[in-house]
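The figures that follow rest on heavy atoms only: side chains count, while hydrogens, waters and symmetry mates do not. Each chain gets a letter, A, B and so on, in the order the sequences are listed, and its residues count up from 1.
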Number of protein chains: 2
Amino acid sequence: MSGRRALTRNQALVLEVLTRADEPLSAYAILDRLRDEGLRAPLQVYRALDKLLETGEVHRLDSLKAFVACSHPHDHPCTGLVAFAICESCARVFEFSDSAIEARFAAWAVEKAFLTKSTTLEISGICAACRSSADGSNPSD
Amino acid sequence: MSGRRALTRNQALVLEVLTRADEPLSAYAILDRLRDEGLRAPLQVYRALDKLLETGEVHRLDSLKAFVACSHPHDHPCTGLVAFAICESCARVFEFSDSAIEARFAAWAVEKAFLTKSTTLEISGICAACRSSADGSNPSD
DNA sequence: GCAATTAATGTAATAACATTACATCACTTT
DNA sequence: AAAGTGATGTAATGTTATTACATTAATTGC
């Protein structure tokens with residue numbers, strides 16, 4: 001019915017926690033939420049995350065040392081370069097792509113003969129909703 | 001004689017180590033190189049790094065959890081958005097700017113009413129020198 | 001000069017993030 | 001059933017970063 005590969009139990013648990021969360025979670029935060037499911041050691045989470053990162057079902061935000069579920073449907077893999085905008089106020093993450101940005105990076109790489117393996121694009125700031133609620137409180141809480 | 005502000009001893013030591021290094025260094029690697037100068041605790045390095053990051057004299061590479069000296073002269077502050085290309089083979093870092101990329105990010109932010117505070121742009125891969133030495137060895141060692 | 005203030009420093013302890021090593025279990029293949 | 005493979009569980013440890021607190025140095029006002 002789709003190209004989605006089977007997940008192991010731990011992978012499914014981790015992905016479910018991330019999908020439900022409305023903010024990025026650290027590996028240890030994920031672990032805390034899975035104690036009741038029997039998970040006890042960081043490695044159980046990191047192993048699941050490794051697989052989910054490989055397939056693009058999860059992304060790591062280097063600037064936060066935290067993880068988010070990919071916001072795209074995952075019948076197909078996440079293709080192309082992805083950027084993340086992270087709200088410092090409500091912690092929500094906005095995932096987007098821009099082919100022009102992708103093209104400029106590609107052009108730089110060609111010019112410098114640099115072989116690109118992976119790209120990290122993260123912008124940090126305040127999202128529209130948090131800006132319009134001028135007190136800085138989280139508009140959704 | 002210039003706009004450069006005075007550095008404290010620890011700040012000067014940390015900046016000097018980073019300037020001499022031809023690869024990014026972790027805070028603890030910096031500390032190790034400054035034992036002889038009397039530094040003993042991570043906090044001494046982190047405090048110096050905090051100041052140097054504020055002024056743009058040093059950059060943090062989130063994807064490596066490591067620090068590099070800014071490659072630009074620092075009579076003036078580092079202006080605009082900066083991207084880093086990091087060679088996985090020789091660890092050298094290439095700092096560059098691209099006004100078109102900057103413009104596209106700005107356009108996205110305007111469209112989404114996102115107030116950008118900071119941006120992380122890092123690409124990881126293999127640099128020209130390492131590619132042409134097909135064995136993968138570091139051509140400068 | 002000297003108290004009051006502020007900024008930088010030194011030290012220790014601990015928190016937060018991530019990996020290595022190794023034993024075990026489950027499933028498939030033969 | 002033996003061999004091979006991939007996932008799991010557990011413990012220990014390694015690495016990165018921060019908190020808390022005491023001290024020292026530089027600055028300001030008197």
Check your understanding: A:T8 side chain N/O closer than 4.0 Å to the phosphate oxygens (OP1, OP2) of D:dA7?
Key ->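 Checking A:T8 against D:dA7: no side-chain N or O falls below 4.0 Å of OP1 or OP2.
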Whole-Å distance separating the [atom1] atom of [X] from the [atom2] atom of [N]:
| X | N | atom1 | atom2 | result |
| --- | --- | --- | --- | --- |
| A:L64 | C:dC17 | CG | C1' | 13 Å |
| B:L39 | C:dA12 | CG | P | 14 Å |
| A:L49 | C:dC17 | CG | C1' | 12 Å |
| A:N10 | C:dA26 | CG | C1' | 14 Å |
| A:L61 | C:dC17 | CG | C1' | 15 Å |
| B:R40 | C:dT9 | CZ | C1' | 14 Å |
| A:Q44 | C:dA21 | CD | C1' | 16 Å |
| B:L43 | C:dT9 | CG | P | 10 Å |

**Study point:** B:D62-A:S63 side chain donor-acceptor pair, cut-off 3.5 Å
**Key:**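 Judged by distance alone, the side chains do not pair up.
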**Study point:** Ring centroids of B:Y28 and D:dT16 base under 5.5 Å with planes under 30°
**Key:**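 Yes, B:Y28 stacks on the base of D:dT16.
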Exercise for review: Walk me through it: do A:R92 and A:E23 pass the test salt bridge (Lys or Arg N to Asp or Glu O under 4.0 Å)?
Suggested key: CA-CA 5 Å; A:R92 256 184 277 278; A:E23 57 179 18; over 6 Å; no
Review point. Which part of the nucleic acid, if any, lies within reach of B:R47 when heavy atoms closer than 4.0 Å are counted: base, sugar-phosphate only, or nothing?
Key: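 If one applies the 4.0 Å heavy-atom cut-off, B:R47 turns out to touch a base.
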Check your understanding: In terms of the nearest nucleotide of DNA chain C, which residue is placed more toward the 5' end: B:G38 or A:P42?
Key ->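 Final value for this comparison: B:G38.
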Practice item. Determine, using ring centers only, whether B:H59 and B:F67 are less than 6.0 Å apart. Key: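 Not under 6.0 Å, so no.
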Point to revise | Where B:K117 and A:G125 come nearest, the two heavy atoms and their spacing | key: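 Nearest pair, atom of B:K117 first, then A:G125: CG-CA, 3.7 Å.
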